[in-house]
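Data first, discussion second: the structure below is written as structure tokens.
Chain naming here is simple, since letters A, B, ... match the order of the sequence lines and numbering starts at 1 in each. These figures come from a predicted structure and were not determined experimentally.
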Amino acid sequence: QKEVEQNSGPLSVPEGAIASLNCTYSDRVSQSFFWYRQYSGKSPELIMSIYSNGDKEDGRFTAQLNKASQYVSLLIRDSQPSDSATYLCAVTGGTSYGKLTFGQGTILTVHP
Amino acid sequence: EPEVTQTPSHQVTQMGQEVILRCVPISNHLYFYWYRQILGQKVEFLVSFYNNEISEKSEIFDDQFSVERPDGSNFTLKIRSTKLEDSAMYFCASSGQYEQYFGPGTRLTVT
């Protein structure tokens with residue numbers, strides 16, 4: 001069973017701080033990694049994708065991938081109250097080319 | 001900006017009834033998916049569809065489920081005989097290659 005694990009939180013950070021979200025995956029042949037943001041009652045919104053080891057930055061967001069450790073993370077700099085949401089890690093690849101396997105999600109609360 | 005749309009936003013049905021959930025994927029995308037999320041649980045993959053056929057399905061996607069692309073724009077999920085445990089949010093997604101974009105979802109309530 002291919003698993004994606006996240007700390008469910010909640011993770012609480014003050015406004016302006018860096019929020020760090022972590023994810024591990026069990027399928028070593030996974031190839032594509034995604035972070036989605038999901039507000040309560042809404043659909044997942046793609047915020048970052050990463051395919052190779054290292055860091056990828058987009059605005060206030062940085063995704064980090066370490067395939068040897070089967071670990072992917074998301075850093076949110078200068079966190080804002082509007083960043084308060086559930087962050088979903090999703091993985092695909094290997095024998096399941098298009099199928100996204102999601103983690104449980106980490107609830108992030110940014111307090112003013 | 002192009003987006004995936006879904007109708008209806010909320011569907012209430014009685015156990016044993018058939019429902020059809022509709023999706024319009026992003027126009028130049030070739031890969032289509034259905035996922036569901038039971039309240040408080042993970043988003044779960046149901047099925048992927050490419051080139052007018054199912055490319056992969058999960059164990060959830062049993063004989064009660066079917067998908068169809070009846071024309072050049074719509075992508076549908078049919079549940080033939082709904083069960084109480086089918087109550088969930090159903091999300092359609094589409095992708096050009098790797099990145100999947102989700103529609104707003106249909107909340108299905110089976111009573």
remark   = Highest number of heavy-atom pairs under 4.5 Å with chain A among B:Gln37, B:Gln41, B:Met89 belongs to B:Gln37
inquiry  = So for atom CG, which belongs to B:Asp71, do other residues, nucleotides or ligands contribute more than 12 heavy atoms lying within a distance under 6.0 Å?
reply    = yes
ask   = Taking atom CD of B:Glu85 as the centre, does the number of heavy atoms from other residues, nucleotides or ligands within less than 6.0 Å exceed 12?
value = yes
note = Most heavy-atom pairs under 4.5 Å with chain A, out of B:Ser48, B:Pro104, B:Gly105, belong to B:Pro104
task = Check whether any side-chain heavy atom of B:Tyr101 sits under 4.5 Å from a side-chain heavy atom of A:Leu46, and report yes or no.
result = yes
task = Would you mind reporting whether A:Tyr36 and B:Gln100 have side-chain heavy atoms less than 4.5 Å apart?
result = yes
key: Atom group of A:Glu45 that falls short of 4.5 Å from chain B, counting heavy atoms   = neither
query = At what distance, to the nearest 0.5 angstrom, does OG1 of A:Thr92 lie from CD of B:Glu99?
reply = 12.5 Å
ask   = Counting only heavy atoms not in B:Leu39, do more than 12 sit closer than 6.0 Å to its CG atom?
value = no
In one Ile/Leu/Val/Met/Phe/Trp/Tyr side-chain cluster, 4.5 Å: B:Val24, B:Val67 = no
ask   = Is there a path of hydrophobic side-chain contacts, each under 4.5 Å between heavy atoms of I, L, V, M, F, W or Y residues, that connects B:Leu108 with B:Tyr33?
value = no
query = Where does the angle between the aromatic ring planes of A:Phe102 and B:Tyr35 fall among parallel (under 30°), tilted (30 to 60°) and perpendicular (over 60°)?
reply = perpendicular
ask   = So how far is it from B:Lys42 NZ to A:Glu3 CD, rounded to the nearest 0.5 Å?
value = 5.0 Å
ask   = Can you tell me how far CG of A:Leu100 sits from CD of B:Glu44, rounded to the nearest 0.5 angstrom?
value = 13.5 Å
ask   = Does CZ in B:Arg69 sit with more than 12 non-hydrogen atoms of other residues, nucleotides or ligands closer than 6.0 Å?
value = yes
key: Residue pair B:Phe91 / A:Pro44, side-chain heavy-atom distance below 4.5 Å   = yes
task = Report whether B:Phe65 and B:Ile54 are members of the same hydrophobic cluster (ILVMFWY, side-chain heavy atoms less than 4.5 Å apart, transitive linking).
result = yes
